[in-house]
Amino acid sequence: MKEGRVPPGFVGVFRFRYRALEDLGIVEDSVTINGKWTAKWKKASKEEFLSSIRLQYDAFKCQAVLHNEWLYTRYFPSIGSELEGLIATPSGLLAVMKALGVGCFEKWLGGDRLSYANLTFREMNGIF
């Protein structure tokens, strides 16, 4: 994980995007207004979520399970394919999915490569 301040549009120690938190049922109605993301918090307030490493870690675990499920159902053909000159492994693909979010991950698979996602893929590919 990168050190330093959490960039705009991300939340918490694991740098969740609001859309990811919505996928996990933690927020609803996530929108961007004048370039700033906001959402309705469902089970805990934003302040409670940010002050609880347990809530954030539980969300991270749920997201990892969800991404793994999606990788092996929706994106299974991408495992073993050639991407960025490498044979794609689950670890590389999951790292990009986490970094970009699912919508941008699909665009990345389709050839719309982002340099930091490519770097993440190369660094994490082949771990498993």
Side-chain angles (χ1 to χ4, degrees):
M1 183 173 357
K2 296 178 184 176
E3 294 181 20
R5 189 168 97 56
V6 176
F10 294 83
V11 177
V13 70
F14 297 104
R15 299 178 181 201
F16 291 103
R17 297 172 188 274
Y18 276 92
R19 296 271 192 224
L21 292 173
E22 193 165 354
D23 288 341
L24 298 171
I26 295 169
V27 302
E28 61 187 2
D29 302 326
S30 60
V31 294
T32 182
I33 300 170
N34 297 324
K36 185 174 180 178
W37 282 94
T38 187
K40 293 178 189 172
W41 290 78
K42 292 173 69 173
K43 297 178 183 176
S45 69
K46 181 177 182 180
E47 294 74 22
E48 291 169 327
F49 182 78
L50 292 176
S51 66
S52 171
I53 193 61
R54 183 190 60 76
L55 289 176
Q56 292 182 56
Y57 185 67
D58 286 349
F60 175 76
K61 290 187 300 185
C62 289
Q63 185 184 50
V65 168
L66 186 61
H67 283 178
N68 193 62
E69 179 182 305
W70 287 346
L71 180 63
Y72 284 96
T73 56
R74 297 179 184 183
Y75 310 112
F76 186 76
S78 60
I79 300 171
S81 65
E82 186 176 326
L83 296 168
E84 295 301 303
L86 300 171
I87 301 300
T89 66
S91 60
L93 295 168
L94 288 168
V96 173
M97 193 182 300
K98 170 66 175 140
L100 295 180
V102 175
C104 288
F105 173 72
E106 289 178 355
K107 292 176 185 175
W108 183 83
L109 282 176
D112 186 10
R113 301 286 200 264
L114 299 169
S115 60
Y116 77 92
N118 295 342
L119 178 61
T120 298
F121 175 73
R122 284 190 219 99
E123 288 176 350
M124 301 305 289
N125 196 58
I127 293 174
F128 61 88

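On a predicted model such as this, the values are computed, not experimentally measured, just so you know.
Rounded to the nearest 0.5 angstrom, Arg19 CZ and Trp37 CH2 are separated by 4.0 Å. Atom CG of Leu50 is separated from atom CH2 of Trp41 by 6.0 Å, given to the nearest 0.5 angstrom. Tyr72 OH to Leu94 CG: the interatomic distance, rounded to the nearest 0.5 Å, is 7.0 Å. From Tyr75, atom OH reaches atom CG of Leu109 across 7.5 Å, with rounding to the nearest 0.5 Å. Interatomic distance, Leu86 CG to Glu82 CD, rounded to the nearest 0.5 Å: 8.0 Å. To the nearest 0.5 Å, atoms CG (Leu93) and CD1 (Ile79) are separated by 6.5 Å.
Counting only residues at least two apart or on different chains, the salt bridge (Lys or Arg N to Asp or Glu O under 4.0 Å) pairs with a member in residues 111-128 are Glu84-Arg113, Glu84-Arg122.
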Give the table of side-chain donor-acceptor pairs shorter than 3.5 Å for residues 95-102, with sequence neighbours excluded, one pair per line with atom names and distance.
| from | atom 1 | to | atom 2 | distance (Å) |
| --- | --- | --- | --- | --- |
| Lys98 | NZ | Phe14 | O | 2.9 |
| Lys98 | NZ | Gln63 | OE1 | 3.1 |

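Between Ser78 and Ala88, the shortest heavy-atom distance links the atoms O-CB, 3.4 Å. Closest approach of Ser51 and Glu48 over heavy atoms only: OG-O, 3.2 Å.
Side-chain contact between Leu24 and Phe16 is present, with heavy atoms from C-beta onward closer than 4.5 Å.
Annotation: side-chain contact (heavy atoms from CB on, under 4.5 Å) contacts of Thr89 (sequence neighbours excluded): Ser91, Asn125. Every side-chain contact (heavy atoms from CB on, under 4.5 Å) that Asp58 has, sequence neighbours left out, goes to Arg54, Lys61. Applying the side-chain contact (heavy atoms from CB on, under 4.5 Å) criterion to Ala39, with sequence neighbours excluded, gives Tyr18, Val27, Ser30. Partners of Lys36 by side-chain contact (heavy atoms from CB on, under 4.5 Å), not counting sequence neighbours: none found.
No continuous path of hydrophobic side-chain contacts links Phe76 to Ile87 [ILVMFWY only; heavy atoms under 4.5 Å]. A continuous path of ILVMFWY side-chain contacts below 4.5 Å connects Leu66 to Phe128, so both sit in one hydrophobic cluster. Under the 4.5 Å side-chain heavy-atom criterion for grouping Ile, Leu, Val, Met, Phe, Trp and Tyr, Tyr57 is connected to Leu55 within one hydrophobic cluster.
Between Trp108 and Phe105, the ring planes are parallel. Angles under 30° get that label, and only those over 60° would be called perpendicular.
No donor-acceptor pair under 3.5 Å is formed between the side chain of Ser52 and the backbone N or O of Phe49. Distance alone, capped at 3.5 Å, is enough to place a donor-acceptor pair between the Gln56 side chain and the Val13 backbone.
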